[in-house]
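The block underneath contains the structure these notes are about, expressed in structure tokens.
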Amino acid sequence: MRIPDHPTLILRMLQHRLKKLSTASPILAASLATYRRPCGQPSCRCHRGGPLHAAQHVTFAEGGKTRTVYVPKSLLPEVRTWLAEHHRLKALLHEIHQLTVALLRARARFLKLKAGRR
Ligand SMILES: [Zn+2]
């Protein structure tokens, strides 16, 4: 992202991004992982040395600990959109932060110029 010097241009970029901050989607700050496990069927080949079944869970940090929540296959598409929404908002927040820093610098520069003219 190229950040302009002029505060008006910075503000315009900021407002454009601030509008995109709202969402109606659930947001999941986690990572999706695949793991292998035996199923609940005692007669299944997975209990007799056969290949295990792939399953998905999400992991995230909570209070300094890693938490894991199982994701049923049927919920995978929806969970992926929740994860994608978190990525989108995280990137957006980072850009908003960068633009706000630039705005602060531009305004401080402006005040310094104004003070110098007195
Ligand atoms: Zn099995």
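Both ligands and their constituent atoms are indexed starting at 1 by order of listing.
Atom-to-atom distance recorded for Leu14:CG and Leu99:CG is 4.5 Å, nearest 0.5 angstrom.
Nearest heavy-atom pair across His47 and Cys39 is NE2-O, 2.8 Å.
At least one donor-acceptor pair under 3.5 Å links the side chain of Arg109 to the backbone N or O of Asp5.
Within His53, NE2 is the N, O or S atom that lies nearest to the Zn ion (ligand 1).
The angle Cys39:SG - the Zn ion (ligand 1) - Cys44:SG amounts to 110°, with values rounded to 10 degrees.
The Zn ion (ligand 1) has no N, O or S atom of His47 under 2.8 Å away, backbone or side chain.
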Side chain to side chain contact (heavy atoms under 4.5 Å, CB included) assessment of Thr23 paired with Arg88: CA-CA 10 Å; Thr23 182; Arg88 182 187 77 84; 4.0 Å; yes
